[in-house]
Student: 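Got a structure for you, questions after.
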Protein chains: 2
Amino acid sequence: MQQKVQKLFADIVDVRYPKPACSACDLRDLWCLPIGLKGPEFLQLDNIINRRKRIKRGEYLYRSGDSFRSLYALRMGFFKTVLSSENGQEYVTGFHMTGELLGLDAICNDSHSCNAIALEDSEICEIPYAALGSLCREIPALQHQFHKIMSREISRDHNLMVLLSSMHADERIAAFLINLSQRFEVRGYSPVQFQLRMTRGEIGSYLGLKLETVSRTLSKFQDEGVISVQNRLLVLNDLPRLKQTVERTRPSGPLCKN
Amino acid sequence: MQQKVQKLFADIVDVRYPKPACSACDLRDLWCLPIGLKGPEFLQLDNIINRRKRIKRGEYLYRSGDSFRSLYALRMGFFKTVLSSENGQEYVTGFHMTGELLGLDAICNDSHSCNAIALEDSEICEIPYAALGSLCREIPALQHQFHKIMSREISRDHNLMVLLSSMHADERIAAFLINLSQRFEVRGYSPVQFQLRMTRGEIGSYLGLKLETVSRTLSKFQDEGVISVQNRLLVLNDLPRLKQTVERTRPSGPLCKN
DNA sequence: CGAGTACTTGAACAGTGTCAAGCTTAGTGG
DNA sequence: CCACTAAGCTTGACACTGTTCAAGTACTCG
């Protein structure tokens, strides 16, 4: 299966593209690795990034069990990560947007523990872990940034655990929509109107709900005028009220915005 | 509040204790930082660890909002970490045993986002983050080990998310008991008989259940002969059957054992 | 020994899940 | 370009798990 994926990669790599350059990347201000780096340090980071890869919708970036060599910066696009059980059931553990880093959970086992699947045509930068480690030893700012990214992932998961263990269906959906909204906003898109890249079933899997409940809750929100849904197109008509829905349970403290 | 905690620390520090030495610590084989280090490297790690602190049951190691300076290696004892909401509700995000590292979620915000509270009299080693960073830049093995620990935390959280989003009460409790069992076993204690350090309410908070449900489920397991409970003392009479209870839903792949 | 906390158990209730049926959309191939 | 198909979505009725509320018991710790 690994070979299959690697073969797949070979097909995907588009050699016409120039080597990606972090220094020229518009993700610098986002949560990607280069935050806080100075001019020459950018070039060093550029040097270790192998090549840009395009992953079409539905394709795998990596699969559970693949040996771990690299992290992947999502240059553009949208991914989901899923854990799958022996009986074939799948559990979505995250949705990932432009600027985020994938594969962090693989370091501890030297192999990937989940599948990363593109939900739209995407582009990623491959960052060999060994080289990143070396560079972190040279550039303290990079090291710290990398630690921050891992730490943020942990914080975010803890917030999600609270959501999963204490919130009702409507609160979960509201929190989910607000989260998406904020993440789109940070990336320069409208925070009140956007296209969902995932199915109701995937949302449900992520939030611990059945797809029917997701559908019903969205319909309910629409009836109340808080949102408008047309298939995957979402309009948040009343963001304050949506936030109010979550406030009942939301934990305090610095929440992760993206 | 921060000052209060620091004052509290001053009281707790027991100067009669010698400086802790990783090289002499019996946690070396566990998941603590020193794994993979060579002789002289141990001493370097020893040098950055400030002092040993004792935290009595019920006391805080750190509070949400405290500024982040150090990570804490749990030298001996048992902690819980909790997120608290504005309305005073608390959500347990983890239970932590000897050898584990606390405070990883604070790196991203430069301040702690949860409270760490001792559930029994404990001892911790304080590891200043800045110094650890420096040392990681000198010792690749330490750097990698640190990354692995953070990565493991992420993996573990993902597994917990699957539990929270898909398992029934009895499956959650069974998974929880098995997890405790494995963690005790790794630490040289009996995997089939141990003392719970937390209340039913805390278990419930962690697993997304009400304390009544936890109590009922434990009673049910006892009626079935799978376990015996007397207050906080637990005996796992039929570990295989307990595992069978979880198998229905458990995701495949390399699960984190501790 | 007493007070407060933790725990157990019961009964009624509410929120989601389950099952089922029908509808809509997107994608495919003629 | 249209028809067809499969996948995704919506909605209803009902079942069931876990919560809520309540009462009583058993520990634990000063």
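Letters go in sequence order (proteins before strands), and every chain restarts at 1.
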Student: Would you indicate, yes or no, if dG18(D) has its OP1 or OP2 atom less than 4.0 angstrom from a side-chain nitrogen or oxygen of Arg172(B)?
Tutor: no
Student: Could you say whether Arg57(B) or Thr213(B) is positioned toward the 5' end of DNA chain D, judged by the nucleotide with the nearest heavy atom to each?
Tutor: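 So the residue in question is Thr213(B).
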Student: In whole angstroms, how far is the C1' atom of dG8(D) from the CG atom of Leu233(A)?
Tutor: 16 Å
Student: Tell me whether the OP1 or OP2 atom of dA7(D) has a side-chain N or O from Thr199(A) closer than 4.0 Å.
Tutor: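 No, no such contact exists.
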Student: Just checking, is any N or O donor in the side chain of Asp66(A) or Ser111(A) under 3.5 Å from an acceptor N or O on the other one?
Tutor: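 Side-chain D/A pair, Asp66(A) to Ser111(A): absent.
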Student: Between Asn231(A) and Gly208(A), which is nearer to the 5' end of DNA chain C once each is assigned its nearest nucleotide?
Tutor: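 So the residue in question is Gly208(A).
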Student: Counting only side-chain N and O atoms of Arg200(A), is one of them less than 4.0 Å from OP1 or OP2 of dC9(D)?
Tutor: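 Indeed, a polar side-chain atom of Arg200(A) lies that close.
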Student: State which of dT8(C), dT18(C), dT16(C) makes the closest approach to the side chain of Ser215(B).
Tutor: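 Within the option list, the nearest is dT8(C).
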Student: With no angle test and no hydrogens, is the base of dC9(D) tied to the side chain of Gln230(A) by a donor-acceptor pair under 3.5 Å?
Tutor: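 Looking at the base of dC9(D), it does not pair with any donor or acceptor on the side chain of Gln230(A) (distance under 3.5 Å).
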Student: Does a donor on one side chain and an acceptor on the other come within less than 3.5 Å for Ser64(B) and Ser113(B)?
Tutor: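 Ser113(B) and Ser64(B) do not have a side-chain donor-acceptor pair below 3.5 Å.
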Student: Does a side-chain N or O of Arg216(A) approach OP1 or OP2 of dT10(D) to a distance below 4.0 Å, or not?
Tutor: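 Answer no for this pair, as no side-chain N or O of Arg216(A) is under 4.0 Å from OP1 or OP2.
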Student: For residues Phe95(B) and Tyr206(B), establish whether the separation of their ring centroids is below 6.0 Å.
Tutor: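 Ring centroids of Phe95(B) and Tyr206(B) are less than 6.0 Å from each other.
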Student: Any salt bridge linking Glu153(B) with Arg156(B)? Criterion: basic side-chain nitrogen under 4.0 Å from a carboxylate oxygen.
Tutor: yes
Student: Answer with base, sugar-phosphate or nothing: what part of the nucleic acid does Leu209(B) contact at a heavy-atom distance below 4.0 Å?
Tutor: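 If one applies the 4.0 Å heavy-atom cut-off, Leu209(B) turns out to touch the sugar-phosphate alone, with no base involved.
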